[in-house]
Amino acid sequence: PFPTHYRHMLQAFGAPTALHLGVSVNPSAANLNDELRRFEYKVEAGAEFVVTRPVFDLQGFDRFLRRIESARLPVVAAVLPFDSAKSAEFMANEVPGVFVPETVLDRMRRAAGPQAEAAEGLAIARGTADALLQRWKGLQGGPQSRDKRTHRDDVAALRCRLRSIF
């Protein structure tokens, strides 16, 4: 099945790696019908699993899951902790295709000071992760901030928590 000129590489490296085809999908897309149409093309092309954009709206995620359940693909939902109210506002207003509910923004706004904001962002991410795990089995998580020192230890704890679930 491999062209002759690749045989020498196979001898040097062994058998080819088994790869799986994952696709990205946005459960909070402004036009979910268009997003699902693109998703169907990806499924027809051989998608084997799905990775979402960050999930902040659990009701929207539930609607999305109901709409794609016929594809019968594993879904890995993204969980992203905010490190500040400013980062939450940025995500809500400047990142295309991401929906942050007003209730989440209000929680971040009420936090007083940088440490309280980082702690609240992590609490929101933990709550989202717990709720998503009741709906689905796959999560991915990590820091949002470029200044990872802000809540590096808390994010490391969230990652350990996510890993321990699996």
Side-chain angles (χ1 to χ4, degrees), residues 20-43 46-111 115-146 148 150-166:
H20 295 277
L21 183 59
V23 297
S24 176
V25 68
N26 184 359
S28 299
N31 188 331
L32 190 56
N33 289 331
D34 283 349
E35 183 72 10
L36 293 172
R37 188 173 53 253
R38 285 189 295 274
F39 174 73
E40 289 300 323
Y41 295 146
K42 295 173 183 181
V43 171
E48 297 176 278
F49 68 96
V50 178
V51 179
T52 72
R53 299 285 304 265
V55 175
F56 302 105
D57 176 19
L58 294 170
Q59 292 175 340
F61 186 72
D62 287 340
R63 285 190 298 274
F64 164 76
L65 284 179
R66 283 192 297 275
R67 301 269 310 264
I68 69 162
E69 67 186 348
S70 64
R72 303 182 55 86
L73 295 178
V75 176
V76 179
V79 177
L80 187 68
F82 296 120
D83 63 352
S84 67
K86 184 177 178 180
S87 68
E89 295 284 351
F90 180 83
M91 183 70 70
N93 297 309
E94 302 297 330
V95 178
V98 174
F99 174 69
V100 182
E102 195 63 32
T103 54
V104 171
L105 292 172
D106 287 342
R107 284 181 63 183
M108 291 301 297
R109 290 176 190 133
R110 284 193 303 268
Q115 289 184 335
E117 289 176 13
E120 188 63 24
L122 192 62
I124 291 168
R126 284 184 181 135
T128 301
D130 289 343
L132 288 170
L133 286 171
Q134 293 174 13
R135 294 159 167 81
W136 209 255
K137 300 291 184 214
L139 294 176
Q140 66 162 327
Q144 175 190 354
S145 173
R146 291 178 192 204
K148 294 175 182 69
T150 305
H151 60 297
R152 177 180 47 215
D153 295 338
D154 289 336
V155 169
L158 177 62
R159 284 183 173 162
C160 288
R161 182 176 181 175
L162 292 176
R163 280 191 208 114
S164 70
I165 292 166
F166 308 111

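Computed from heavy atoms alone, side chains included, the values below leave out hydrogens, waters and symmetry copies.
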Non-neighbouring partners of Glu48 that pass salt bridge (charged side-chain N to carboxylate O under 4.0 Å, His left out), sequence neighbours left out: none
Pairing residues for Arg107 by the salt bridge (charged side-chain N to carboxylate O under 4.0 Å, His left out) criterion, not counting sequence neighbours: Glu120
Can you measure from [atom1] ([X]) to [atom2] ([Y]) and round to the nearest 0.5 angstrom?
| X | Y | atom1 | atom2 | answer |
| --- | --- | --- | --- | --- |
| Asn26 | Asp34 | CG | CG | 12.0 Å |
| Gln59 | Arg63 | CD | CZ | 6.5 Å |
| Leu105 | Arg110 | CG | CZ | 10.5 Å |
| Glu40 | Lys42 | CD | NZ | 11.5 Å |
| Thr103 | Met108 | OG1 | CE | 12.5 Å |

Test item: Phe61 and Thr128 side chains (from C-beta on) under 4.5 Å apart, heavy atoms: no
Note, Leu36 side chain near Phe64 side chain (heavy atom, < 4.5 Å): yes
Passing candidate, side chain to side chain contact (heavy atoms under 4.5 Å, CB included) with Val43, options Ile68, Leu73, Val50: Leu73
Note: Arg38-Glu35 ion pair, threshold 4.0 Å (strictly below): yes
CA sep, side-chain torsions, deciding dist, call: Val79, Val55, side-chain contact (heavy atoms from CB on, under 4.5 Å): CA-CA 6 Å; Val79 177; Val55 175; 6.0 Å; no
Evaluation steps, side-chain contact (heavy atoms from CB on, under 4.5 Å), between Leu80 and Arg53: CA-CA 9 Å; Leu80 187 68; Arg53 299 285 304 265; over 6 Å; no
Where [X] and [Y] come nearest, the two heavy atoms and their spacing:
| X | Y | value |
| --- | --- | --- |
| Arg66 | Glu69 | O-CG, 3.4 Å |
| Val23 | Ala47 | CG1-CB, 3.7 Å |
| Ala78 | Thr52 | N-OG1, 3.0 Å |

Under 3.5 Å, which donor-acceptor pairs link side chains of residues 92-101 to any protein atom two or more places apart or in another chain?
residue, atom, partner, partner atom, Å
Asn93, ND2, Glu89, O, 3.0
Asn93, ND2, Glu89, OE1, 3.4

Parallel, tilted or perpendicular, as decided by the 30° and 60° cut-offs, for the rings of Phe56 and Phe82: parallel
